[in-house]
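Only one structure is covered here, and it is reproduced in the block below.
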Number of protein chains: 2
Amino acid sequence: MIKGGKPGRLTLEAAKSVLRGVGMRCTAARIAVIQALEAAESPMTPGSVVDFLCEYGFDKSTIYRSLTELNEAGLVVRLDLGDAVRRFELLPLENDGAPEHPHFMCVDCGKVVCMSGFDVELKGRSRKARSPGIMSEILVRGHCHDCAT
Amino acid sequence: MIKGGKPGRLTLEAAKSVLRGVGMRCTAARIAVIQALEAAESPMTPGSVVDFLCEYGFDKSTIYRSLTELNEAGLVVRLDLGDAVRRFELLPLENDGAPEHPHFMCVDCGKVVCMSGFDVELKGRSRKARSPGIMSEILVRGHCHDCAT
DNA sequence: TCTTATTTGCAACTTAGTTGCAAATGTAGA
DNA sequence: TCTACATTTGCAACTAAGTTGCAAATAAGA
Ligand SMILES: [Mn+2]
Ligand SMILES: [Mn+2]
Ligand SMILES: [Zn+2]
Ligand SMILES: [Zn+2]
């Protein structure tokens with residue numbers, strides 16, 4: 001069990017059952033990664049997960065591998081928020097309710113905010129404007145309230 | 001002058017006058033970078049510019065520096081399209097008309113499309129949903145028509 | 001042409017992320 | 001509970017993108 005960050009509502013047993021649910025072995029590293037992501041306020045960069053968990057003796061390569069595997073298993077989304085750094089976010093576990101949502105990233109301070117309350121609509125300016133594909137993820141960049149002059 | 005890519009409507013003299021217009025010296029490297037970006041169908045990664053121009057004897061560090069300088073001078077936008085790779089796009093030169101536009105990136109093939117014809121609207125689901133800041137750039141990710149099953 | 005500040009090429013460096021492999025460990029079955 | 005085996009881990013070495021310091025080259029103005 002690991003300290004720091006948000007209270008951390010995810011018990012050890014809950015983490016284990018989530019892993020078993022997708023047919024993955026319950027290892028200390030994976031549990032630690034899940035708990036770290038869960039305790040975080042916003043999506044974490046691999047670097048921040050590594051920095052955090054290396055303190056506890058986990059190896060960098062193990063953490064990268066865990067993040068990738070958890071992502072492949074569908075437990076974690078990998079966000080590409082556009083500062084040339086990936087971020088990982090734990091998906092809602094029990095309740096499938098929380099919908100996909102856009103993310104906002106401040107170009108000044110780098111803060112990432114989940115825009116859970118928003119839908120995005122693309123409107124063609126002309127009649128014949130045709131969407132280039134099926135959209136699945138939206139990122140909004142800009143200046144957060146703190147950084148706006 | 002450099003071959004390959006799109007026809008390339010930007011003459012040598014035009015490139016030079018653009019550089020002078022922002023008070024930058026006209027060097028072979030900068031002209032080559034501008035022409036490469038101009039000839040490209042869609043925003044280029046630094047890597048692709050480097051690969052392309054190194055063939056002509058330019059040094060990697062020079063190209064990175066040129067891209068950064070052209071960006072700082074406001075001639076080139078640096079897009080963070082979310083595959084942990086930056087991309088550079090030449091801004092419309094004479095006519096200031098072409099508006100900022102969203103970009104679409106296919107998560108399968110990596111293709112980037114400029115969604116010049118689109119506006120994006122964020123709609124709060126609830127009354128009290130408040131935007132986290134002032135949005136300035138939009139990225140849509142998804143599956144392009146070619147890659148959609 | 002001359003002068004000087006700017007820019008370039010080079011090579012060395014940094015840093016994030018990846019990989020191969022032997023040792024450690026989780027899990028299913030006896 | 002113990003065993004056997006496939007999976008996972010730590011380590012160290014590696015890769016690749018991007019950066020940096022510096023002496024040589026060069027653009028631009030006088
Ligand atoms: Mn989110
Ligand atoms: Mn564009
Ligand atoms: Zn901010
Ligand atoms: Zn595609």
Side-chain angles (χ1 to χ4, degrees), chain A residues 2 12-13 15-36 43-73 75-76 78-88 110, chain B residues 2 12-13 15-36 43-73 75-76 78-88 110:
Chain A
I2 280 171
L12 181 65
E13 268 317 310
K16 285 188 176 179
S17 104
V18 164
L19 284 169
R20 291 207 193 90
V22 295
M24 294 176 80
R25 291 192 175 181
C26 298
T27 67
R30 288 171 183 165
I31 291 165
V33 167
I34 289 181
Q35 290 186 324
M44 293 181 83
T45 64
S48 64
V49 182
V50 166
D51 286 348
F52 179 53
L53 291 183
C54 280
E55 298 282 310
Y56 295 88
F58 296 102
D59 186 75
K60 165 171 84 133
S61 63
T62 304
I63 296 169
Y64 276 105
R65 285 190 276 230
S66 293
L67 286 169
T68 304
E69 293 155 359
L70 291 169
N71 171 243
E72 286 165 355
L75 296 177
V76 158
R78 202 197 63 202
L79 303 171
D80 292 322
L81 298 186
D83 54 350
V85 175
R86 307 218 143 112
R87 280 180 178 72
F88 291 86
Chain B
I2 280 169
L12 181 63
E13 268 317 309
K16 285 187 177 179
S17 102
V18 164
L19 284 169
R20 292 205 194 92
V22 295
M24 294 176 80
R25 292 194 176 181
C26 297
T27 68
R30 287 171 184 165
I31 291 166
V33 168
I34 289 180
Q35 290 186 324
M44 293 181 81
T45 65
S48 64
V49 182
V50 166
D51 286 348
F52 179 52
L53 291 182
C54 280
E55 297 282 310
Y56 294 88
F58 295 101
D59 186 74
K60 164 171 86 134
S61 63
T62 303
I63 297 169
Y64 276 106
R65 286 190 275 230
S66 294
L67 286 169
T68 303
E69 293 154 359
L70 291 170
N71 172 244
E72 285 164 356
L75 296 177
V76 158
R78 202 198 63 201
L79 303 171
D80 292 321
L81 296 186
D83 56 348
V85 175
R86 307 218 143 111
R87 280 178 178 75
F88 291 85

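A note on names: the letters A, B, ... follow the listed sequences, proteins ahead of strands, and every chain is numbered from 1.
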Smallest separation among heavy atoms of A/Thr62 and A/Ala29, with atom names: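 Closest approach of A/Thr62 to A/Ala29, heavy atoms only: CG2-CB, 3.6 Å.
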Looking only at heavy atoms, what is the nearest atom pair of A/Val33 and A/Leu70, with distance?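 Heavy-atom minimum between the residues: CG1-CD1, 3.6 Å.
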Nucleotide [N], atom [atom2] - distance to [atom1] of [X] in whole Å:
X       : N      : atom1 : atom2 : result
B/Arg30 : D/dA28 : CZ    : P     : 9 Å
A/Leu67 : D/dT8  : CG    : P     : 15 Å
B/Asp51 : D/dA17 : CG    : C1'   : 11 Å
A/Arg20 : D/dT8  : CZ    : C1'   : 16 Å
A/Phe58 : D/dG10 : CZ    : C1'   : 12 Å
A/Asp59 : C/dA23 : CG    : P     : 17 Å
A/Ile63 : C/dA16 : CD1   : P     : 13 Å
B/Leu70 : C/dT6  : CG    : P     : 17 Å

Keeping B/Arg30 on the side-chain end and B/Arg25 on the backbone end, is there a donor-acceptor pair under 3.5 Å? yes
Under 4.0 Å, heavy atoms only, any strand: does B/Ala29 hit a base, just the sugar-phosphate, or nothing?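 The residue B/Ala29 makes sugar-phosphate contact but no base contact.
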Using a 4.0 Å heavy-atom cut-off, does B/Arg65 contact any base of the nucleic acid, only the sugar-phosphate backbone, or nothing at all? base
Does [X] place a side-chain N or O at less than 4.0 Å from the phosphate oxygens OP1/OP2 of [N]?
X       : N      : value
A/Thr27 : C/dT25 : no
B/Thr62 : C/dG9  : yes
B/Tyr64 : D/dT19 : no

Candidates D/dG18, D/dT8, C/dG9 - which lies nearest the side chain of B/Ser61: C/dG9
From C/dC10, D/dT19, D/dT8, pick the nucleotide closest to the side chain of A/Arg25?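 Of C/dC10, D/dT19, D/dT8, D/dT8 is nearest to the side chain of A/Arg25.
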Interatomic distance, B/Ile63 atom CD1 to B/Ser48 atom OG [nearest 0.5 angstrom]: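 Between B/Ile63 CD1 and B/Ser48 OG, I get 10.0 Å after rounding to 0.5 Å.
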Distance from B/Glu72 atom CD to B/Arg65 atom CZ, nearest 0.5 Å?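 Those atoms lie 12.5 Å apart.
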Between B/Thr68 and B/Ala28, which is nearer to the 5' end of DNA chain D once each is assigned its nearest nucleotide? B/Thr68
If you find the nucleotide of DNA chain C closest to B/Lys60 and the one closest to B/Met24, which residue's nucleotide is nearer the 5' end?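 Closer to the 5' end of DNA chain C: B/Met24.
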